[in-house]
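Data first, discussion second: the structure below is written as structure tokens.
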Amino acid sequence: MAGARRPGRNFLFVPGPTNVPDRILRAMHVPMEDHRSPDFPSLTIPLFSELKKVFQTKHGQVVVFPASGTGAWESALTNTLTPRDKVLAPRFGQFSHLWIDLARRHGLEVIVQEEEWGTGANPDRIEEVLRDDKAHEIKGVMVVHNETATGVTSDVAAVRRAIDAAQHPALLYVDGVSSIGSIDFRFDEWGVDLAITGSQKGMMLPAGLGIVCASQKVLAKMQDAKCTRAYFDLADQFNANANGYFPYTPALPLLYGLREALTMMFEEGLENVFARHRFLAGGTRAAVDAWGLSLCAKEPKWHSDTVSAIMVPEGFNGADVIERAFRRYNLALGAGLSEVAGKLFRIGHLGDLNELMLLGAISGAEMSMRDVGIRVEPGSGVAAAQEYFRTANGAADQRLAAE
Ligand SMILES: *Cc1c(COP(=O)(O)O)cnc(C)c1O
């Protein structure tokens, strides 16, 4: 199909990159300019303060790297830790796995807590390990807030309570790549020390920005951290950012896009953005129920509002559904990664999205499943989502959105 014209819109429903709204595309269509000009800080200084609102922090400090989420992972760890430091990390999906792998490559000793894929961080187990660490050798706890591979959201506030209950000084590191800007995320209230995200998911931008938010506690500790860092040094960024500049050439169009994205998020209202994601996820889950299928997430408490990972029945391959959807219906669905490869497909429902767009994806997924022989009732998922969106259940969530 490569090269062949495909009329109409591509339905992009992978959980990142997400749809970039036309307003943002236009905002990024700018000529290049001198990033050392006296005018430049008038673009950047407000960006840093507006970004803090997305993290819901007053005291944290936000840095924007020309990178992706993975670069932000690296920055968070290398600026605060020393090789052979111990960190504790629950693993329950491909993204928690990759972050652990990155930590190990930097010489950190990761104590991995295996959790069943489809569940998330277990605060009780975290508390237990921290209580046993009387010498306080564990320097940090790394948690993926929203595990994009399995559609599982963990309770970060509960992880903070576990750390405090153990009276342990470990820093709390949170990957919020597929949650921040889509699912409620409270940096200050939850006592997060380092939170990271990327531009191409809830922020509605192309990939290319890695965003790190650091607490005051972290700023004080950075000097003692001996991991090698250069490009991702937070101190270099803080120094240059203080006057509205960057230590190297920033990704200019993305910064203009970011300004527009933030404007759009605050026009809608952050609370409404969260409620919309909850609402859209509810409709998706209604469709999954009606298909008689189950989510990878084992219990409602793990349900993600930004991505649904849908198990295909025994004897079928999720990759076939995805391939069919792409080739026949111009619909991009997310694949099952590593341990769950072939066992599921994912619908990303985050970013710039509404009910009818999502109904298109649900419809395409339904047709593709039938095409590969999965026996779902024609129209069942679409109908369930439609009813959810127009009736009681959905309306309750939407009232929340209007408040
Ligand atoms: C997408 C994603 C990442 C990786 O980010 P890149 O921007 O691809 O480097 C990390 N963590 C989570 C939870 C993600 O969803």
Side-chain angles (χ1 to χ4, degrees), residues 12-20 54-55 63-78 89-103 105-106 110 115 117-121 141-156 159 172-185 192 194-213 231-232 251 254 257-258 261 277 281 296-297 302-309 332-340 344-351 353:
L12 182 62
F13 279 83
V14 294
T18 66
N19 294 291
V20 181
V54 176
F55 285 85
V63 155
V64 180
F65 289 102
S68 74
T70 303
W73 270 348
E74 179 159 328
S75 181
L77 298 179
T78 57
R91 173 160 56 192
F92 42 80
Q94 182 65 359
F95 291 96
S96 37
H97 167 70
L98 288 173
W99 200 12
I100 288 164
D101 178 59
L102 183 144
R105 293 199 215 178
H106 282 284
V110 188
E115 302 292 352
W117 287 35
T119 72
V141 178
M142 295 161 52
V143 179
V144 173
H145 183 207
N146 188 75
E147 175 52 79
T148 318
T150 57
V152 160
T153 304
S154 287
D155 185 345
V156 174
V159 173
L172 176 55
Y173 297 77
V174 182
D175 170 339
V177 178
S178 61
S179 60
I180 291 170
S182 312
I183 297 174
D184 198 5
F185 184 89
V192 178
L194 284 133
I196 69 111
T197 190
S199 48
Q200 78 275 24
K201 297 187 181 172
M203 306 293 290
M204 308 178 286
L205 292 159
L209 300 178
I211 305 170
V212 181
C213 183
Y231 187 82
F232 287 118
L254 283 169
L258 177 60
H277 282 85
C296 182
W302 304 119
H303 285 172
S304 164
D305 286 345
T306 56
V307 53
S308 293
L333 299 168
L337 304 172
S338 89
E339 270 189 39
V340 287
L344 56 79
F345 67 89
R346 294 174 298 154
I347 299 179
H349 31 78
L350 73 167
L353 195 69

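This structure is a prediction, so every number in the text was calculated from the model and none was measured. Both counts, for ligands and for their atoms, begin at 1 and track the order of listing.
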Report yes or no: does Ser178 contribute a side-chain atom to a donor-acceptor pair with the main-chain N or O of Asn146 at less than 3.5 Å? yes
Does Glu147 come within less than 4.0 angstrom of ligand 1, counting non-hydrogen atoms of the residue? no
So, His349 side chain and Ser308 main chain: donor-acceptor pair closer than 3.5 Å or not? yes
Test of understanding: given a 4.0 Å heavy-atom threshold, classify the contact between Trp73 and ligand 1 as side chain, backbone, both, or neither. side chain
Do you know which two heavy atoms are closest between Tyr231 and Phe65, and how far apart they sit? O-CE2, 3.6 Å
So, for Pro206 and Leu254, which heavy atoms are closest and what is the spacing to 0.1 Å? CD-CD2, 3.7 Å
Going by the atom numbers of ligand 1, which of them fall below 4.0 Å from some non-hydrogen atom of Asn146? 13 (C)
Taking the side chain as every heavy atom from C-beta outward, state whether Ile347 and Leu333 have any pair of such atoms under 4.5 Å apart. yes
Quick check on contacts: which atoms of ligand 1 are under 4.0 angstrom from a heavy atom of Thr148? 12 (C), 13 (C), 14 (C), 15 (O)
For ligand 1, which atoms have a heavy atom of Ser68 less than 4.0 angstrom away? 6 (P), 7 (O), 9 (O)
Run down the list Val14, Asp175, Ile180, Ile196 and name the one with the heavy atom closest to atom 11 (N) of ligand 1. Asp175
Mark up the atoms of ligand 1 that fall under 4.0 Å of a heavy atom belonging to Lys201, in ascending order. 1 (C), 2 (C), 3 (C), 14 (C), 15 (O)
Look at the side chain of Ser338 and the backbone N and O of Gln94, then say whether any donor-acceptor pair between them is shorter than 3.5 Å. no
Measuring only between side-chain heavy atoms, which start at C-beta, is Asp305 closer than 4.5 Å to Thr153? no
Check for me whether Ser178 has a heavy atom closer than 4.0 Å to any atom of ligand 1. yes
Are any of the N/O atoms on Val144, whether in the backbone or the side chain, positioned under 3.5 angstrom from an N/O atom of ligand 1? no
What atoms in ligand 1 come closer than 4.0 Å to a heavy atom of Gln200? 6 (P), 7 (O), 8 (O)
